[in-house]
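Working notes for the structure below.
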Number of protein chains: 2
Amino acid sequence: MSVSSHHRQVESRLADSGVRYTPGRRAVVDVLGSAEGPLGAAEIHERLHGRVPLSSVYRTLAVLEEAGVLIPHFAQKGLTRYELAEWLRGHHHHLVCIGCGGVEDVTLPDPLEAEMDRIVKSIGKLTEFSATSHSLEIEGRCARCDG
Amino acid sequence: MSVSSHHRQVESRLADSGVRYTPGRRAVVDVLGSAEGPLGAAEIHERLHGRVPLSSVYRTLAVLEEAGVLIPHFAQKGLTRYELAEWLRGHHHHLVCIGCGGVEDVTLPDPLEAEMDRIVKSIGKLTEFSATSHSLEIEGRCARCDG
DNA sequence: CCTCGATCTGAGAACGATTCTCATTATAGG
DNA sequence: CCTATAATGAGAATCGTTCTCAGATCGAGG
């Protein structure tokens, strides 16, 4: 799943809604496509060395979220991070480090993910709630902070 | 696990850190103890009918989080909600409604929770990450928003 | 190519949630 | 009681985010 493949997919998804895939928007997708986990607006702005002004980064994130290209992720007070949606990056879960606050992605092996699905389905049956998606957040200490 | 039992436990936990369990703090614990899910500062202030000013609610939340009585929960842009920590309320998961943004708790039946534990343990073995806790976030539509 | 309308952008103002400040009040211990 | 310490209330300050608006860009039709 290369970055240029992301570009093709995003471009066509945006085209469907009559939205342009401009250089600024590409730049944001590039940054997120090569990130190790979700990033916030300020982090993205930083990684672009100011080539895209912060207010435009925010607008771009809103446009891409609206188009279903990005998914917001909340794990810290007052900070929204974004990552590529699952249809671009694949289904995965998060390891949230209680030491440094960072978030890493994990993709489960099929048998484990199948088990997760069964659990989520069971919960749907137990409650008046129609589940569309799920995410397992595991808190702990990453290799760097553990020791 | 009654509310008065919560009060006793919280009081003794706070005493350990030389922190007073004042009426305002009790009121916040009361509200959270009888909530159906995590609440934000404004929601708590609202449910107290202004008996505790908003700035005090914020301070109280910070104090109680610091003491390990409350756990913050993030599921919405720019809004931090809190709930009683697991040692007070028991382990549970969250149903996050993509319609109204609300969050409900679910406690899994033992066999399902046991399965979750196995999954989390397996992930710990797969990665350089020492898990201390986990939470399954299920996104979907609540009974009210579905239809 | 050139024009026109629609879309996008940049800069800064505005906003909402949260935190801070500081003067005042409550509390526990001597 | 008195005093030192902790807690409170009200409003100002802060920070992430959203909005506004004037100007730049684009792409379809002439």
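Reckoned from all heavy atoms, side chains included, excluding hydrogens, waters and symmetry mates. To find a chain, count down the sequence lines: A is the first, B the second, and so on, and within it residues start at 1.
Remark: side-chain polar atoms of A/Arg25 are paired, donor with acceptor, to backbone N or O of A/Arg20 under 3.5 angstrom. Side-chain atoms of B/Glu11 never come within 3.5 Å of backbone atoms of B/Arg8 as a donor-acceptor pair (strictly under, hydrogens ignored).
Less than 4.0 Å separates DNA chain C from at least one heavy atom of each of the following residues of residues 50-61 of chain B: B/Ser55, B/Tyr58, B/Arg59. A heavy atom lying under 4.0 Å from DNA chain C marks the following residues of residues 11-30 of chain A, by number: A/Val19, A/Arg20, A/Thr22, A/Arg25.
One can place NZ of B/Lys77 at 15 Å from P of C/dT18, the figure rounded to the nearest angstrom. The interatomic distance linking B/Leu79 (CG) with D/dT18 (P) rounds to 13 Å, in whole Å. A/His45 places its NE2 atom 14 Å from the C1' atom of D/dG16, with the value rounded to the nearest Å. Rounded to an integer number of Å, the gap from B/Gln76 CD to C/dG16 P is 15 Å. One interatomic measurement links the two molecules: CG of A/Leu64 to P of C/dT7, which rounds to 17 Å at whole-angstrom precision. In this structure, the CG atom of B/Leu48 is 13 Å from the P atom of D/dT8, given to the nearest Å.
Taking the charged nitrogens against the carboxylate oxygens, B/Arg47 and B/Glu36 do have a contact shorter than 4.0 Å, which makes a salt bridge. Ionic pairing of A/Lys77 and B/Glu65 is present here: one or more N-O contacts between side-chain nitrogen and carboxylate oxygen are shorter than 4.0 angstrom. A salt bridge does not link A/Glu128 with B/Arg144: none of the charged nitrogens is closer than 4.0 Å to a carboxylate oxygen.
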Per-pair distances, 0.1 Å, donor-acceptor, side chain in residues 56-64 of chain A, under 3.5 Å, sequence neighbours excluded:
unit_1: A/Ser56; atom_1: OG; unit_2: A/Arg59; atom_2: NH2; d: 3.4
unit_1: A/Thr60; atom_1: OG1; unit_2: A/Ser56; atom_2: O; d: 2.9

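Annotation for A/Asp16: atom CG counts as buried by contact number, over 12 foreign heavy atoms lying within 6.0 Å.
Using cut-offs of 30° and 60° on the angle between ring planes, the pair A/His134 and A/His91 is perpendicular.
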